[in-house]
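Structure record follows, encoded as structure tokens.
Computation of the quantities below employed the complete heavy-atom set of this structure, encompassing side-chain atoms and omitting hydrogens, waters and symmetry-equivalent molecules. Numbers restart at 1 for each chain; the letters A, B, ... are given by sequence-line order, proteins then strands.
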Amino acid sequence: MAVNYWLVKSEPSTYSWNQFEIEKETVWDGIRNFAARNHLRAMKKGDLCFFYHSNEGLCIVGIAKVAKESFQDPTSEDKNWVAVGLVPYKKLKTPLTLQDIREDQRLASMVLLKNSRLSVQPVTAKEAAIIADLGGVKLA
DNA sequence: GCCAACGTTGGC
DNA sequence: GCCAACGTTGGC
């Protein structure tokens, strides 16, 4: 079964990659956007999520792995909102900045550039391979 | 801190 | 069901 790739965003002042590495796992909750929610629901155990720092840093810093598929968001009473469990997978040797992404023709159609406000987005296998390559890590 | 872009809400 | 108003996000 093929692995799917995603991109999740977090403001480092709220939750940074460093904190994630220290905690070794996290519940990706608080998503209140239908499109993002649908992506969370589609995540399968073992899928990989690029971890992007928004507002500060503006770069992809690492890759997380889906450890727990979607369940009701513990921060909401409404069972329509879901969260997933993530664990750190790999930290990029070279963080990939938004500018780097913009400048690479092969990444021009990334959702990050098209719809910068979507907090959980799909990434194609091709894009994932390019990001990993530029970041100096192997996906597998 | 500002502002543009987008999603959501609510009046009609 | 449309669309204006509003709130939020995120880059600069």
Side-chain angles (χ1 to χ4, degrees):
Chain A
M1 198 180 66
V3 170
N4 289 306
Y5 302 96
W6 311 90
L7 182 144
V8 297
K9 295 196 285 195
S10 181
E11 296 187 27
S13 61
T14 305
Y15 193 78
S16 68
W17 173 265
N18 273 354
Q19 202 176 336
F20 183 38
E21 276 195 335
I22 292 165
E23 292 179 5
K24 302 227 180 352
E25 63 179 333
T26 193
V27 172
W28 209 260
D29 59 18
I31 301 294
R32 298 291 183 272
N33 169 287
F34 292 105
R37 191 273 317 270
N38 292 342
H39 294 315
L40 284 182
R41 277 199 180 145
M43 287 186 186
K44 296 289 171 203
K45 195 170 177 177
D47 281 0
L48 298 179
C49 298
F50 292 98
F51 194 110
Y52 178 80
H53 277 173
S54 63
N55 275 310
E56 297 166 52
L58 308 185
C59 55
I60 296 174
V61 282
I63 309 173
K65 183 180 267 194
V66 177
K68 206 190 281 180
E69 294 179 11
S70 69
F71 50 94
Q72 185 179 343
D73 188 332
T75 68
S76 174
E77 298 285 306
D78 188 341
K79 62 178 188 295
N80 286 311
W81 296 122
V82 299
V84 295
L86 298 180
V87 294
Y89 178 57
K90 284 180 184 177
K91 183 179 182 172
L92 295 195
K93 284 213 180 73
T94 321
L96 195 60
T97 68
L98 183 60
Q99 220 171 4
D100 295 336
I101 294 167
R102 280 226 180 89
E103 284 167 5
D104 196 309
Q105 286 298 317
R106 298 170 298 170
L107 299 176
S109 57
M110 278 191 71
V111 181
L112 186 66
L113 302 181
K114 301 276 173 191
N115 182 357
S116 62
R117 290 194 44 194
L118 186 60
S119 56
V120 181
Q121 11 180 302
V123 173
T124 67
K126 243 183 217 172
E127 290 160 352
I130 294 163
I131 296 166
D133 185 45
L134 294 173
V137 295
K138 299 225 180 285
L139 278 180

If you define the side chain from C-beta out and look only at heavy atoms, does anything of N115(A) sit under 4.5 Å from L118(A)?
yes
Counting primed atoms plus P, OP1 and OP2 as sugar-phosphate and everything else as base, spell out the protein contacts along nucleotides 5-12 of chain C at 4.0 Å heavy-atom distance: B, S or - for each nucleotide, 5' to 3'.
--BBBBBS
Would you indicate whether the side-chain heavy atoms of S13(A) and N55(A) approach each other to under 4.5 Å?
no
Is K138(A) close to K90(A) at the side-chain level, that is, under 4.5 Å between some pair of heavy atoms?
yes
State, yes or no, whether a side-chain contact exists between L58(A) and T97(A) at a heavy-atom distance under 4.5 Å.
no
Mind jotting down which residue pairs meet the salt bridge (Lys or Arg N to Asp or Glu O under 4.0 Å) criterion with at least one end in residues 59-78 of chain A? Sequence neighbours excluded, please.
R32(A)-D73(A)
